[in-house]
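Whatever order the structure lists ligands and atoms in, that order sets their numbers, starting from 1. The figures here come from the full heavy-atom set of this structure, side chains too, leaving out hydrogens, waters and symmetry mates.
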Amino acid sequence: MSTRPDIKPANPCFSSGPTSKRPGWSLSNLKTDSLGRSHRAKGAKARISQVIEDSKALLGMPEDYLLGIVPASDTGAFEMAMWTMLGARGIDVAAWESFGQGWVTDIQKQLKLDDVRLLSAPYGQLPDLEEAGTDRDLVFTWNGTTSGVCVPDAGFISSEREGLTFCDATSAVFAMDLPWDKLDVVTWSWQKVMGGEAAHGMLALSPRAVERLESYTPAWPLPKIFRLTKGGSLQRDIFSGSTINTPSLLAVEDQLDALAWGQQIGGLSALIKRSQANLTAVAAWVEMRDWIDFLAEDPATRSSTSICLKIIDPWFQQQDQAALIKQMVAMLETEQVAYDIGSYRDAPPGLRIWGGATVETADIEALLPWLDWAFGELKG
Ligand SMILES: Cc1ncc(COP(=O)(O)O)c(C=O)c1O
């Protein structure tokens with residue numbers, strides 16, 4: 001039996017998306033002038049393009065990259081990229097958890113592309129990314145949100161590559177260093193590291209990605225919300241705030257608030273530092289425990305955002321693990337110390353604690369003894 005801790009996290013929001021709002025967030029801080037106006041009106045459009053400008057500035061994105069706001073969150077942005085640009089050459093697709101696997105399914109079963117090589121690994125591991133061919137397109141996820149395994153760097157991507165790299169970076173961007181020169185297509189959503197509202201996706205394109213869009217026409221039809229070109233030319237106004245369809249202007253204001261907070265606390269390096277501190281706190285605690293461990297086998301691949309843990313206690317191995325995790329998560333929610341920390345539905349039973357920049361390390365530190373307590377209560 002474990003003792004019941006006295007201190008609770010001030011903020012029990014540890015979900016991996018939507019994630020916790022930033023410290024000090026309040027609905028009343030958001031500007032509302034653009035609400036109720038057309039998103040094409042001058043003022044409203046200026047706010048939309050401000051999201052693009054502020055995101056580029058905070059991330060230090062190269063000047064010659066384009067960034068657009070597109071429909072349907074990260075999924076919309078990534079699908080849009082795959083459906084408009086894949087098929088021009090062979091594809092290597094790396095998958096090591098549920099979301100990466102989802103892109104594999106779409107490439108093989110929906111786009112029905114056949115020159116596809118799969119680089120796969122089980123939960124907890126990374127595939128051998130060095131096998132990716134430089135003359136082929138490469139599709140991968142920077143941070144596997146459901147396994148807590150991320151690529152440690154982009155050493156596996158050649159600067160001399162002929163193919164394009166497509167990177168789903170939704171749970172990495174703003175918390176991990178992304179080497180833009182190695183990434184041609186990068187996507188994310190607002191409700192991850194910056195704690196924004198879900199709805200829209202961000203699509204970043206390198207000059208080489210733009211070249212692909214303007215020189216290659218896929219053999220399949222594209223719905224309106226995927227169309228990035230017109231008459232063979234990129235619709236450049238999408239990348240300055242003329243969205244394809246109507247965005248939520250409230251979500252836009254919320255994202256601007258989050259981006260301003262990021263700049264105000266010290267920019268990208270401060271955001272990365274906050275996330276790293278969360279991982280460090282969990283790692284120090286795991287190190288001292290024999291009942292729990294990281295799902296990521298190699299410490300270099302441990303995610304600082306979606307921190308995934310597995311229970312290694314021999315007693316636990318003999319039980320209905322999924323049921324016990326459900327119970328543990330429910331106990332922690334009832335105590336109001338942690339919300340939504342069960343592992344993803346397709347992942348091995350375990351815990352997943354969001355450690356992105358909006359989460360305070362003090363809250364992570366306050367949570368950890370509660371995990372000891374909950375596990376102790378279950379084991380009896
Ligand atoms: C790696 C990854 N890709 C895609 C998605 C889907 O994102 P969205 O719900 O923003 O479309 C998620 C959501 O958690 C994710 O973690």
Side-chain angles (χ1 to χ4, degrees), residues 13-20 51 55 67-83 93-107 110 119-121 123-124 126-127 129 138-151 165-176 178 183 185-204 225-226 244-245 247-248 251-252 254-255 258 275 295-296 301-308 339-347 350-359:
C13 293
F14 297 106
S15 149
S16 290
T19 64
S20 173
V51 172
S55 303
L67 181 61
I69 299 171
V70 299
S73 206
D74 179 63
T75 308
F78 207 73
E79 293 283 8
M80 181 182 222
M82 292 199 298
W83 284 72
V93 50
W96 56 94
E97 50 77 64
S98 178
F99 286 107
Q101 194 52 52
W103 307 140
V104 173
T105 303
D106 278 14
I107 292 168
Q110 299 296 323
L119 312 177
S120 66
Y123 277 85
L126 269 185
L129 296 163
L138 173 63
V139 175
F140 74 106
T141 305
W142 192 278
N143 181 74
T145 319
T146 66
S147 70
V149 172
C150 61
V151 298
T165 51
F166 292 71
C167 176
D168 171 359
T170 196
S171 55
V173 72
F174 298 112
M176 300 175 194
L178 297 184
L183 306 174
V185 178
V186 183
T187 66
W188 66 92
S189 57
W190 292 353
Q191 74 279 10
K192 292 285 190 209
V193 177
M194 301 308 292
E197 287 303 292
H200 308 300
M202 300 301 280
L203 174 67
I225 55 166
F226 280 5
I244 296 174
N245 64 342
S248 158
V252 163
D254 185 67
Q255 186 64 10
S275 183
L295 186 54
T301 67
R302 282 177 192 163
S303 168
S304 64
T305 56
S306 58
I307 303 170
C308 294
Y339 297 152
D340 318 317
I341 63 162
S343 58
Y344 189 72
R345 57 178 187 259
D346 298 337
L351 300 175
R352 179 173 61 162
I353 303 164
W354 184 254
T358 56
V359 173

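No hydrogens or angles considered: a donor-acceptor pair under 3.5 Å links the side chains of Ser304 and Ser275.
The aromatic rings of Trp83 and Phe226 sit tilted relative to each other, their planes meeting at an angle between 30° and 60°.
Between the NZ atom of Lys192 and the OG1 atom of Thr305 there is a distance of 8.5 Å, given to the nearest 0.5 Å.
No N or O atom of Thr170 sits closer than 3.5 Å to an N or O atom of ligand 1. When only interatomic distances are considered, the shortest N/O to N/O separation between Ser171 and ligand 1 does not fall below 3.5 Å.
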Take Phe78 and Phe99 through the ring-ring contact (aromatic ring centres under 6.0 Å, His included) test and state the conclusion after the steps. CA-CA 11 Å; Phe78 207 73; Phe99 286 107; over 10 Å; no

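Contacts between Thr141 and ligand 1 below 4.0 angstrom, taking non-hydrogen atoms only, involve the side chain exclusively. The side chain of Asp168, and not its backbone, has at least one atom closer than 4.0 Å to an atom of ligand 1 (non-hydrogen atoms only; side chain from C-beta on).
Of the candidates Ser189, Ser73, Gly100, Ser73 brings a heavy atom nearest to atom 8 (P) of ligand 1. Distances from atom 9 (O) of ligand 1 to the heavy atoms of Gln191, Glu97, Glu79 put Gln191 nearest.
Ligand-side atoms of ligand 1 in range of Lys192: 13 (C), 14 (O), 16 (O), range being under 4.0 angstrom from any heavy atom. Of all atoms in ligand 1, numbered sequentially from 1 with element shown, those under 4.0 Å from a heavy atom of Thr145 are 1 (C), 2 (C), 15 (C), 16 (O).
Taking the side chain as every heavy atom from C-beta outward, Val93 and Phe140 never approach each other to under 4.5 Å.
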